[in-house]
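Structure, as structure tokens:
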Amino acid sequence: VAPGGATDGLFVNGNGGLDKIYVGAVAGDGMKAIESRVFVDGGGDSDELYYEDASGSNGEHQYTFGTAPAGWDQRLNFAVPPGGSRAIDSKGVAKYVLNGSPGKDIVKLELVSAAAKGGFIVNGNAGDDEFYMGGDVQKLDDVLAGKITFDGGAGSDLLFIDDRKAAVGK
């Protein structure tokens with residue numbers, strides 16, 4: 001049973017050692033093939049988590065990195081065509097990499113886990129992508145405390161920065 005009471009889904013436990021954990025598919029349907037919640041416990045040894053959607057469909061894909069349930073560090077909510085949304089919860093991961101779809105990606109980075117010391121990388125690939133940083137969840141200073149990399153790839157990409165959580169006068 002996962003923290004927060006979840007009893008269904010796929011559980012991946014990295015245990016000890018440096019692990020590279022891939023969720024989604026490098027070829028085929030990308031993250032569309034994920035049909036249940038996924039829980040990744042990196043085990044705390046600088047593990048890396050790769051979200052693989054580069055082979056997904058050309059339709060609009062939405063990814064929101066935000067607040068996770070109790071006992072987890074990071075949550076990715078994602079929606080891929082033709083519909084349906086899923087969640088991937090993780091903890092004990094030091095590096096996150098999203099390899100987005102070949103179509104339009106809308107990526108919202110509302111929260112970055114303090115454990116992500118190895119960085120947070122978003123590769124938008126082709127398509128006119130939109131990247132949002134900050135928002136209602138975490139101050140922009142806290143989001144930027146980690147090493148953040150956005151690579152929009154081919155297309156006309158936009159970057160939005162939201163600092164509404166900042167203290168007045170900053």
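Because only heavy atoms are used, hydrogens play no part in the values below, and waters and symmetry mates are left out as well, while side chains stay in.
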List the atom pairs, with distances to 0.1 Å, where a side-chain N or O of residues 116-129 and a protein N or O form a donor-acceptor pair under 3.5 Å, not counting sequence neighbours.
unit_1	atom_1	unit_2	atom_2	d
Lys117	NZ	Ala114	O	3.2
Asn123	ND2	Asn99	OD1	2.8
Asn125	ND2	Gly100	O	2.7
Asp128	OD1	Ser156	N	2.8
Asp129	OD1	Asp105	N	2.8

Side-chain heavy atoms under 4.5 angstrom apart, residues restricted to Ile, Leu, Val, Met, Phe, Trp, Tyr: same cluster for [X] and [Y]?
X	Y	answer
Ile21	Phe78	yes
Leu49	Leu10	yes
Leu109	Leu159	yes
Val12	Met31	yes
Ile106	Leu98	no

Run the side chain to side chain contact (heavy atoms under 4.5 Å, CB included) test against [X] and tell me which residues pass, sequence neighbours left out.
X	result
Asp29	Lys32, Ala33
Ala25	none
Ser55	none

Item to check | ring-ring contact (aromatic ring centres under 6.0 Å, His included): pairs with one or both residues in residues 122-147, sequence neighbours excluded | outcome: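 For residues 122-147, and leaving out neighbouring residues, the ring-ring contact (aromatic ring centres under 6.0 Å, His included) pairs sorted by first residue read Phe131-Phe150, Tyr132-Phe160.
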Answer yes or no: is there a donor N or O on one side and an acceptor on the other, between the side chain of [X] and the main chain of [Y], under 3.5 Å?
X	Y	answer
Asp53	Ser101	no
Gln74	Ser113	yes
Asn13	Asn15	yes

Can you list the residues that meet the side-chain hydrogen bond (donor to acceptor under 3.5 Å, both in side chains) rule with [X], with sequence neighbours excluded?
X	answer
Tyr22	none
Asp47	none
Lys108	none
Tyr51	none

Next on the checklist: Salt bridge check, Arg86 against Glu35: does any charged N sit closer than 4.0 Å to a carboxylate O?
Outcome noted: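 So Glu35 does not pair with Arg86 through a salt bridge.
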For [X] and [Y], which heavy atoms make the closest approach, and how far apart are they?
X	Y	value
Arg75	Pro69	NH2-CG, 3.4 Å
Lys91	Asp41	CE-OD2, 3.2 Å
Ser57	Pro102	O-CD, 3.7 Å
Asn77	Ala87	OD1-CB, 3.5 Å

Next on the checklist: Show, in sequence, the C-alpha distance, side-chain angles and deciding distance for Leu111 and Phe65, and conclude whether the side chain to side chain contact (heavy atoms under 4.5 Å, CB included) test is met.
Outcome noted: CA-CA 6 Å; Leu111 181 137; Phe65 293 91; over 6 Å; no
Item to check | Distance (rounded to the nearest 0.5 Å) between Thr67 OG1 and Asp89 CG | outcome: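 Between Thr67 OG1 and Asp89 CG, I get 11.0 Å after rounding to 0.5 Å.
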Next on the checklist: According to salt bridge (Lys or Arg N to Asp or Glu O under 4.0 Å), who are the partners of Glu110, at least two apart in sequence or on a separate chain?
Outcome noted: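 Expected list: none.
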Checklist entry - Does any donor atom in the side chain of Tyr96 or Ser90 lie under 3.5 Å from an acceptor atom in the other side chain? => result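 Tyr96 vs Ser90: donor-acceptor pair found between side chains.
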Checklist entry - In a check of side-chain hydrogen bond (donor to acceptor under 3.5 Å, both in side chains) between Lys104 and each of Glu130, Gln62, His61, which one passes? => result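 Answer to the side-chain hydrogen bond (donor to acceptor under 3.5 Å, both in side chains) test with Lys104 among Glu130, Gln62, His61: Glu130.
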Checklist entry - Would Val23 and Glu52 count as a side chain to side chain contact (heavy atoms under 4.5 Å, CB included) if you check the C-alpha gap in whole Å, the side-chain angles of each, and the deciding distance to 0.1 Å? => result CA-CA 6 Å; Val23 178; Glu52 295 292 342; over 6 Å; no
